[in-house]
Amino acid sequence: MEKGFAYRSGNNVFFSVRKFPDYGKLSGRSLDHMLEGVRIDVNEEKEDPLDFALWKESKPGEPFWKSPWGNGRPGWHIECSVMSMEYLGTNFEIHGGGKDLVFPHHENEIAQSEAASGEPFAKYWLHNGLIRINREKMSKSLGNFFTLSEATKRWSPEAIRLFFLSHHYQNPADFSEKNMYDSEASLERIYLTLLRASETQKAKGRDAKLESSIRKFEEDFHSSMSDNFNTADVVGNLFDLIRSINRSLDSVGRTQSATLALKKIKEICGVLGVLHQEPAEYMKQRKSTANLSNIDPFEIEKLIDERNSARKEKNWKKADEIRDYLNSKGIVLEDRQDGTDWKANIT
RNA sequence: GGCGGCGUAGCCAAGAGGUAAGGCAACGGUCUGCAAAACCGUCAUACCCCGGUUCGAAUCCGGGCGCCGCCUCCA
């Protein structure tokens with residue numbers, strides 16, 4: 001109010017958008033354009049219909065705080081300006097939020113903050129696209145609404161993160177059973193490779209090809225992230241590196257380069273908040289959280305032993321019967337040189 | 001109705017006037033007793049549609065269509 005950006009009207013305080021020349025700079029709107037489409041009932045107390053409240057008088061029965069303008073509460077954009085200035089200062093690097101908040105919330109936040117401080121508010125604004133479910137928007141009225149905690153019961157939290165990372169944050173992200181299945185499968189493929197690479201106690205020598213792939217991954221990470229946080233690109237590059245690791249493991253064997261790859265992936269993907277688990281831990285967890293209907297791990301191990309005996313006798317019929325049976329229970333077997341392992345199907 | 005944004009293969013996604021990156025999936029092959037995993041290979045005469053500019057357009061211009069967000073209060 002002292003600077004003339006705001007005025008008192010009754011027991012309210014409003015921000016005068018006309019006094020702030022940059023108003024509309026974030027959402028790309030001009031005041032005159034906005035007025036054309038305005039269909040709000042003009043609030044008698046406002047000097048201009050586009051002005052917004054900084055302080056509102058409380059209605060009877062509402063919570064309130066005491067103020068020079070009477071009992072009331074802060075306008076609805078105030079809390080964000082106050083919190084960010086308290087903890088980040090009058091100007092800071094990045095402000096995020098959903099696309100739905102661009103106007104008016106963020107626009108008003110900028111106006112009131114910059115008017116008060118005289119400094120630029122946030123340097124960058126990241127507005128994420130909204131979530132869709134099976135190509136429909138997620139909304140309560142459509143009944144396809146669910147919370148994050150419900151989602152984490154259905155899918156692994158890490159797969160959900162990977163799902164979002166494989167999209168550009170600005171675009172809508174389309175949740176679906178198929179897409180989440182793919183995400184879970186991708187995660188497993190990655191961890192399977194990391195597991196191979198982590199079994200490098202006796203790692204010997206190095207693989208120049210793999211090391212150049214590692215360097216490329218790291219360089220690409222920086223350029224992708226510098227390009228408006230293109231995490232989808234990073235995920236693609238990660239799969240390239242995963243292939244390189246497998247190729248190296250297949251042809252050269254266990255090297256210190258594989259150990260290095262593991263370290264780099266952990267470091268870089270740690271920035272993105274994924275792949276923080278030990279590969280062996282991940283596999284163990286997949287088994288323990290798998291939805292094993294009508295079968296327990298003990299029985300699985302028993303059947304695997306039985307099948308391996310049959311295989312030794314070249315009793316392929318019996319061996320295949322056991323495998324088919326386990327398959328019907330959602331168990332997939334993997335025969336390796338050092339024995340047979342199992343994993344649960346992704347459901 | 002107004003304003004802002006988006007539309008590239010089943011999915012994610014690069015490209016921003018010079019003849020469609022990459023990843024996932026799918027399919028074929030190698031390996032395997034057979035599988036699984038892994039590896040190798042294939043996979044858009046085509047970029048929502050219709051016009052126009054240009055030697056040349058996914059990229060520029062005009063007009064449509066579709067989708068998303070916001071435009072009352074609350075956060």
Side-chain angles (χ1 to χ4, degrees), chain A residues 24 26-43 49-50 52-53 56 59 62 73-80 97-107 127-132 135-139 162-168 170-174 176 178-183 185-190 192-193 195-196 220 223-224 227-228 230-251 307 310-317 319-320 322-324 326-327 331-337 340-343 345:
Chain A
L26 179 71
S27 53
R29 299 163 193 235
S30 78
L31 287 166
D32 297 321
H33 270 141
M34 278 188 271
L35 265 179
E36 284 174 25
V38 117
R39 60 180 193 205
I40 49 178
D41 299 328
V42 177
N43 185 332
L50 295 169
F52 58 91
K56 280 188 102 168
K59 292 174 188 146
E62 282 182 350
R73 57 189 170 76
W76 57 282
H77 316 292
I78 288 288
E79 66 180 84
C80 296
K99 267 184 155 59
D100 53 340
L101 296 176
V102 175
F103 184 88
H105 186 233
H106 293 329
E107 197 68 70
H127 287 109
N128 57 277
L130 273 30
I131 296 173
R132 292 155 62 85
R135 301 188 172 189
E136 279 186 321
K137 64 175 172 180
M138 175 158 134
S139 76
L162 188 65
F163 167 78
F164 282 115
L165 288 172
S166 64
H167 291 69
H168 192 96
Q170 282 181 326
N171 293 342
D174 188 27
S176 68
K178 167 81 167 69
N179 288 344
M180 287 312 299
Y181 174 91
D182 286 350
S183 191
S186 295
L187 195 62
E188 182 174 280
R189 170 172 157 78
I190 295 166
L192 237 30
T193 298
L195 183 67
R196 290 185 73 194
D220 288 347
S223 60
S224 296
D227 182 16
N228 194 11
N230 192 345
T231 56
D233 209 31
V234 175
V235 174
N237 293 147
L238 174 63
F239 278 106
D240 283 336
L241 179 58
I242 291 295
R243 179 174 298 111
S244 295
I245 295 171
N246 279 317
R247 202 180 298 159
S248 171
L249 255 23
D250 284 349
S251 58
R307 174 169 169 272
R311 288 173 72 212
K312 259 177 208 154
E313 296 157 16
K314 295 199 190 299
N315 186 349
W316 308 127
K317 187 166 173 289
D320 288 348
I322 294 174
R323 190 178 57 203
D324 290 346
L326 285 170
N327 231 303
I331 304 300
V332 181
L333 299 186
E334 288 187 20
D335 295 328
R336 300 211 195 88
Q337 287 187 325
T340 301
D341 197 8
W342 65 272
K343 63 182 186 186
N345 259 148

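Every chain is numbered from 1 and lettered A, B, ... according to where its sequence line falls, protein lines coming before strand lines. Note: hydrogens, waters and symmetry copies are ignored here, and every other heavy atom, side chains too, is used.
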Participant: Under 4.0 Å: is that the gap between some side-chain N or O of A/R73 and OP1 or OP2 of B/A75?
Facilitator: yes

Participant: Could you tell me how far B/U19 sits from B/G4 if I compare only their P atoms? Round to whole Å.
Facilitator: 34 Å

Participant: Let me know the distance between CD1 of A/I190 and C1' of B/G23, rounded to the nearest Å.
Facilitator: 11 Å

Participant: Verify the contact: side-chain N or O of A/W76 to OP1 or OP2 of B/A75, cut-off strictly under 4.0 Å; return yes or no.
Facilitator: no

Participant: Might you list the N or O atoms of the protein lying below 3.5 Å from N or O atoms in nucleotides 13-16 of chain B, with each pair's distance?
Facilitator:
| residue | atom | partner | partner atom | Å |
| --- | --- | --- | --- | --- |
| B/A13 | OP1 | A/H168 | N | 3.2 |
| B/A13 | OP1 | A/N171 | ND2 | 2.9 |
| B/A14 | OP1 | A/N230 | ND2 | 3.4 |

Participant: Return the pairing partner of B/G62 with a 3.5 Å limit on both distances, Watson-Crick or G-U wobble; otherwise return none.
Facilitator: B/C50

Participant: Using a heavy-atom cut-off of under 4.0 Å over every strand shown, decide if A/R247 touches base, sugar-phosphate, or nothing.
Facilitator: sugar-phosphate

Participant: Once you apply a heavy-atom cut-off of 4.0 Å, does A/E79 come out as touching a base, just sugar-phosphate, or nothing?
Facilitator: sugar-phosphate

Participant: Consider only side-chain N and O atoms of A/D227 and A/S224, and report whether a donor and an acceptor are under 3.5 Å apart.
Facilitator: no

Participant: Check whether the ring centres of A/H106 and A/H77 lie less than 6.0 Å apart, and answer yes or no.
Facilitator: no

Participant: Look at A/R336 and B/A38 and indicate whether a side-chain polar atom (N or O) is within less than 4.0 Å of OP1 or OP2.
Facilitator: no

Participant: Is there a side-chain polar atom (N or O) of A/R132 under 4.0 Å from OP1 or OP2 of B/G69?
Facilitator: no

Participant: Sequence neighbours left out, what passes salt bridge (charged side-chain N to carboxylate O under 4.0 Å, His left out) with A/K317? Give chain and number order.
Facilitator: A/E321

Participant: What is the distance from NZ of A/K343 to C1' of B/A36, rounded to the nearest Å?
Facilitator: 7 Å

Participant: Counting Watson-Crick and G-U wobble pairs only, both distances under 3.5 Å, name the nucleotide matched with B/U45, or none.
Facilitator: none

Participant: Which is more 5' along RNA chain B, the nucleotide nearest A/K178 or the one nearest A/P104? Just name the residue.
Facilitator: A/K178

Participant: Just to be sure I understand the rule, does A/R307 reach a base, reach only the sugar-phosphate, or reach nothing, if contact means heavy atoms closer than 4.0 Å?
Facilitator: base

Participant: Taking any heavy-atom pair under 4.0 Å as a contact, classify A/V332: base, sugar-phosphate, or nothing.
Facilitator: sugar-phosphate

Participant: Is any side-chain nitrogen or oxygen of A/N246 closer than 4.0 Å to OP1 or OP2 of B/C39?
Facilitator: yes

Participant: How would you label the contact of A/K312 with the nucleic acid (heavy atoms, under 4.0 Å): base, sugar-phosphate, or nothing?
Facilitator: nothing

Participant: Base, sugar-phosphate or nothing for A/D250? Non-hydrogen atoms, less than 4.0 Å.
Facilitator: sugar-phosphate

Participant: I want to confirm an ordering. Mapping A/R189 and A/S186 to their closest nucleotides on RNA chain B, which one lands closer to the 5' end?
Facilitator: A/S186

Participant: Using the salt bridge (charged side-chain N to carboxylate O under 4.0 Å, His left out) criterion, which residues pair with A/D100? Sequence neighbours excluded.
Facilitator: none

Participant: What does A/L333 touch in the nucleic acid at a heavy-atom separation under 4.0 angstrom: a base, only the sugar-phosphate, or nothing?
Facilitator: base

Participant: Can you tell me if A/K137 touches the phosphate of B/G69, counting only side-chain N or O atoms and a distance under 4.0 Å to OP1 or OP2?
Facilitator: yes

Participant: For a quick check of understanding: with a heavy-atom distance under 4.0 Å over all strands, which category does A/R311 fall into, base, sugar-phosphate or nothing?
Facilitator: base

Participant: Starting at CG of A/D220 and ending at P of B/G22, how long is that distance when rounded to a whole Å?
Facilitator: 13 Å

